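Working notes, beginning with the structure itself.
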Amino acid sequence: MYESLDQAAFNVLNLAPVGSCVLNNQRQILFWSNLLEEWTGVPRKKVLNTCINDHFAHFDEAWLGGRLDAIFEGGPPAIFSAQL
């Protein structure tokens, strides 16, 4: 679904005063906000279309990985807070 959208479709997230990213069910990064670039020092060009686990290993940890898996299995909306 989201794979067919370009970055402009997510630009509204850059207006929010929080860091935002959009992942697909394979944890591939589809959007990386301006604030996430600033906060993490990781440029958007480096992370787009790559697996978030490749950049932030703690997404493989059971507590966080389990939350992501639950979201993609029909759980609550994909909005939660995690300190990178």
Side-chain angles (χ1 to χ4, degrees):
M1 176 172 140
Y2 294 118
E3 290 84 358
S4 63
L5 299 175
D6 63 37
Q7 289 296 295
F10 299 115
N11 274 338
V12 69
L13 296 174
N14 279 320
L15 301 175
V18 296
S20 302
C21 73
V22 176
L23 306 175
N24 66 14
N25 63 347
Q26 297 168 338
R27 299 185 187 174
Q28 181 182 24
I29 300 168
L30 305 177
F31 175 79
W32 192 255
S33 73
N34 294 338
L35 279 178
L36 280 182
E37 276 191 313
E38 184 179 321
W39 292 345
T40 64
V42 178
R44 179 180 294 113
K45 290 179 181 181
K46 181 178 180 180
V47 297
L48 285 181
N49 302 311
T50 64
C51 181
I52 197 163
N53 301 38
D54 295 342
H55 306 282
F56 303 98
H58 66 282
F59 278 89
D60 268 335
E61 294 175 14
W63 72 272
L64 187 52
R67 288 185 72 184
L68 288 175
D69 292 341
I71 290 166
F72 290 113
E73 292 170 359
I79 298 173
F80 65 89
S81 175
Q83 184 177 5
L84 298 175

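As the structure is a computational prediction, the values presented were derived from the model and not from experiment.
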Can you give each donor-acceptor pair under 3.5 Å made by side-chain atoms of residues 14-23, sequence neighbours left out, with the distance rounded to 0.1 Å?
| residue | atom | partner | partner atom | Å |
| --- | --- | --- | --- | --- |
| N14 | OD1 | N34 | N | 2.7 |
| N14 | ND2 | N11 | OD1 | 3.3 |

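- Using the six-membered ring where Trp is involved, W32 and F56 have ring planes that are parallel, under 30° apart on the 30 and 60° scheme.
- No side-chain heavy atom of Q28 sits under 4.5 Å from any side-chain heavy atom of D54.
- Interatomic distance, S33 OG to E38 CD, rounded to the nearest 0.5 Å: 9.5 Å.
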Output side-chain donor-acceptor pairs under 3.5 Å for residues 46-53, partner residues at least two apart or in another chain, one line each.
| residue | atom | partner | partner atom | Å |
| --- | --- | --- | --- | --- |
| T50 | OG1 | V47 | O | 2.5 |
| T50 | OG1 | H55 | NE2 | 2.7 |
| N53 | ND2 | D60 | OD1 | 2.3 |

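- Annotation for R44 and E37: closest pair N-OE2, 2.6 Å, computed over non-hydrogen atoms.
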